[in-house]
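Heads up: the structure comes next, in structure tokens.
Counting starts at 1 for both ligands and their atoms, following the listed order. Being a predicted model, the structure only gives us computed values, none of them experimental.
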Amino acid sequence: MRFDVLTLFPEIFDGYLGSSVLKLAVQRGLVEVHRHNLRDWAVDRHRSVDDRPFGGGPGMVLRADVVVPCVETVRRQTGDAGRLVLLTPQGRRFDQRIAEELASHERIVLLCGRYEGFDERIREILEPDEISIGDFVLNGGETAAMVIIDTVIRLVPDVLGDDQSSREDSFSTENRWLECAQYTRPRTFRGLEVPPVLLGGNHEEIARWRQQDSRTRTEQRRADLLGPDN
Ligand code: 6GU
């Protein structure tokens, strides 16, 4: 699976690209992440990528004559133009179902904005899939792009080891419950004990306890995840 990230700040991704799961997935050839600096598509001698809004007001607006040619050129670099995602608080709200949908694509092009927004003609011409990661405002789409990449690569076959399949992650179509409580050594810490059932070795009983714990936690923390029939 290939991601192309279009941004004014490609260096923001350095740390994330070099870390754990993603780094390994790239090394193993399962995932590619290509970064493109929007500034390389600037058309004037000042290399400007944004300008003041017509009609006045605060902030700066990303220029269509910079962003549109950049997106078009990048999409034509391979035979698959890919799914174009524009990161904006105005988009549909990202969740595990949307991650599953994105994971079905071989290529995803992520367009990150900064400043106050995008010239509206960028939307009109490119008709991107607009995605938000929640009802709050970030300084730019870069951290949202990392959230999306991080969520989607878990769903790419072989990226996780077999012992940590994402198929039954919470929020997935196969599991609407939160994960149960987990414990590891030591068996006693500051007077707190591990539930005895987990130490007893009865796998059926352990499975029952975990299912019950998942259900109770979900009811207490996220009753909205359980339909009215639960
Ligand atoms: Cl995708 N971008 C920005 N700038 N703010 C956001 C967001 C995206 N999602 C939530 N807030």
Tell me, do [X] and [Y] make a side-chain contact under 4.5 Å, heavy atoms counted?
{"X": "Thr7", "Y": "Asn37", "result": "no"}
{"X": "Phe171", "Y": "Arg97", "result": "no"}
{"X": "Arg210", "Y": "Leu198", "result": "yes"}
{"X": "Arg215", "Y": "Trp177", "result": "yes"}

Which atoms of ligand 1 have any heavy atom of [X] under 4.0 Å away?
{"X": "Ala144", "result": "1 (Cl)"}
{"X": "Ile133", "result": "9 (N), 10 (C)"}
{"X": "Ile131", "result": "1 (Cl)"}

Partner of Arg154 under side chain to side chain contact (heavy atoms under 4.5 Å, CB included), chosen from Asp169, Val21, Val159: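 The residue from Asp169, Val21, Val159 that satisfies side chain to side chain contact (heavy atoms under 4.5 Å, CB included) with Arg154 turns out to be Asp169.
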Backbone or side-chain N or O of Phe136 under 3.5 Å from ligand 1 N or O: yes
Heavy atom under 4.0 Å from ligand 1: found in Thr88's side chain, backbone, both, or neither?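 Backbone only.
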Residue-level breakdown please: for Pro89 versus ligand 1, do any non-hydrogen atoms fall below 4.0 Å on the side chain, on the backbone, on both, or on neither?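 Pro89 to ligand 1: contacts from backbone and side chain alike.
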Quick one: look up the protein heavy atom nearest atom 5 (N) of ligand 1 and list residue, atom name and how far away it is. Leu138 N, 3.1 Å
Any side-chain to backbone donor/acceptor pair from Arg93 onto Gly134? Under 3.5 Å, distance only.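 Checking the backbone N and O of Gly134 against the side chain of Arg93, no donor-acceptor pair under 3.5 Å is found.
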Closest to atom 10 (C) of ligand 1 among Cys112, Gly134, Gly141, Ala145 (heavy-atom distance):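 When every heavy atom of Cys112, Gly134, Gly141, Ala145 is considered, Gly134 comes closest to atom 10 (C) of ligand 1.
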